[in-house]
Trainee: 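Just passing along the structure, written as structure tokens.
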Amino acid sequence: MSDLRKLQQHLHDKFADVMSSCKLVNDELTMVVPAEKLLVVAKMLRDEPDLGFDMLMDVCGVDYSTYGVVDWQTESATATGFDRGVKDDSEKNASIWTQPRFAVVYHLLSIQHNHRLRLRVFATDEPPMVDSVIDIWKSADWFEREAFDMFGIYFRNHPDLRRILTDYGFVGHPFRKDFPLSGHVEVRYDAAQERVVYQPVTIEPRTLVPRVIRKDSRYLNQKDDQEQTNVC
């Protein structure tokens, strides 16, 4: 049994009554716990000698509102590919996600045991809110502020919860799936007023999709060289 399998079984035995799931996929272990059990589980993950997750590597928010929804679909690529800026006129398929929209993900590291664990908590409140883990891992401070700024997820009992990446007067949360990629406001310098002005964004939203190039001149010489080698 691999070390991750042993850790997964150990987590099942220790947290069977509090966790929602613990799955091992692609050599990555993800444990899901209810929001009300976050602090209890986090403290045990840090303090239990056989776990020892003493380092919080990252905290990030997740918005599942458009989970399973894509802007474009194709069964096979064409010879010319797709335009990089296209208008999406197709009817969007409905999201298949049935759990709460927002989640907070914690990436933990046990230096002593060389184990990594992804801990996920769903925010069921409105506005979305979970407890701050800053008293357990001090490194959560700016990470939680970033998740608040980008996703609008509140962290209960955080000592200084304010925006960290956007401007003080910024409206909205850029990483939410319903926030347009071009934003709502743009900034420019007005020569007539001799100052910076804010105005509604003038960029037309477009869906960016990859372009498949079937014939690339960079590889034509390689093909000719290979054919000559085969002849020789």
Trainee: Could you tell me whether Asp178 atom CG has more than 12 heavy atoms of other residues or ligands within 6.0 Å of it?
Mentor: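 More than 12 heavy atoms, drawn from other residues, nucleotides or ligands, come within 6.0 Å of this atom.
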Trainee: Identify all side-chain donor-acceptor contacts of residues 26-37 below 3.5 Å with residues at least two apart in sequence or on another chain.
Mentor:
{"residue": "Glu28", "atom": "OE1", "partner": "Arg118", "partner atom": "NH2", "Å": "2.8"}
{"residue": "Thr30", "atom": "OG1", "partner": "Arg118", "partner atom": "NH1", "Å": "2.7"}

Trainee: I'd like to know if the side chain of His107 and the backbone of Met57 have a donor-acceptor N/O pair within less than 3.5 Å.
Mentor: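 Flag not set: sc His107 to bb Met57 has no pair under 3.5 Å.
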Trainee: Taking Gln199 for the side chain and Val185 for the main chain, is one N or O donor matched with an acceptor at less than 3.5 Å?
Mentor: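 Side chain of Gln199 to backbone of Val185: no pair is present.
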Trainee: I'd like to check the ring pair (Phe, Tyr, Trp, His ring centres under 6.0 Å) partners of Phe15; sequence neighbours left out, ordered by chain and number.
Mentor: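 Scan of Phe15 (ring pair (Phe, Tyr, Trp, His ring centres under 6.0 Å), adjacent residues dropped) gives none.
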Trainee: Hey, can you pull the donor-acceptor pairs under 3.5 Å for the side chains in residues 134-142, sequence neighbours left out?
Mentor:
{"residue": "Trp137", "atom": "NE1", "partner": "Phe53", "partner atom": "O", "Å": "3.1"}
{"residue": "Ser139", "atom": "OG", "partner": "Leu56", "partner atom": "O", "Å": "3.1"}
{"residue": "Asp141", "atom": "OD1", "partner": "His158", "partner atom": "NE2", "Å": "3.1"}

Trainee: Any sub-3.5 Å donor-acceptor pair from Asp125's side-chain atoms to Pro127's backbone N or O?
Mentor: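 Flag not set: sc Asp125 to bb Pro127 has no pair under 3.5 Å.
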Trainee: Filter on salt bridge (Lys or Arg N to Asp or Glu O under 4.0 Å), then keep only pairs touching residues 40-50, sequence neighbours left out; what's left?
Mentor: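 Non-adjacent pairs meeting salt bridge (Lys or Arg N to Asp or Glu O under 4.0 Å): Lys14-Glu48, Lys43-Asp47.
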Trainee: Is there a side-chain contact (heavy atoms from CB on, under 4.5 Å) between Leu108 and Arg116? Walk through the geometry before answering.
Mentor: CA-CA 6 Å; Leu108 308 177; Arg116 293 182 183 270; over 6 Å; no
Trainee: How would you list, by chain and number, every residue that makes a ring pair (Phe, Tyr, Trp, His ring centres under 6.0 Å) with His113, sequence neighbours excluded?
Mentor: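 Listed in chain order: nothing, the list is empty.
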Trainee: Sequence neighbours left out, what passes ring pair (Phe, Tyr, Trp, His ring centres under 6.0 Å) with Phe151? Give chain and number order.
Mentor: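 Ring pair (Phe, Tyr, Trp, His ring centres under 6.0 Å) check on Phe151 returns Phe175.
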Trainee: Specify whether His184 and Phe179 have parallel, tilted or perpendicular ring planes, treating 30° as the upper limit for parallel and 60° as the lower limit for perpendicular.
Mentor: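 Aromatic pair His184/Phe179 classed perpendicular.
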Trainee: Between atom CZ of Phe143 and atom SG of Cys60, what is the distance when rounded to the nearest 0.5 Å?
Mentor: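 If I round to the nearest 0.5 Å, the distance is 9.5 Å.
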Trainee: Please tell me whether Tyr154 and Phe148 form a close aromatic pair, meaning their ring centres lie under 6.0 Å apart.
Mentor: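 Centroid separation for Tyr154 and Phe148: below 6.0 Å.
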Trainee: Are Arg156 and Asp131 close enough for a salt bridge, meaning some N to O gap below 4.0 Å?
Mentor: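 Yes, this pair counts.
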Trainee: Please check: side-chain N/O of Glu146 versus main-chain N/O of Leu165, any donor-acceptor pairing under 3.5 Å?
Mentor: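 No.
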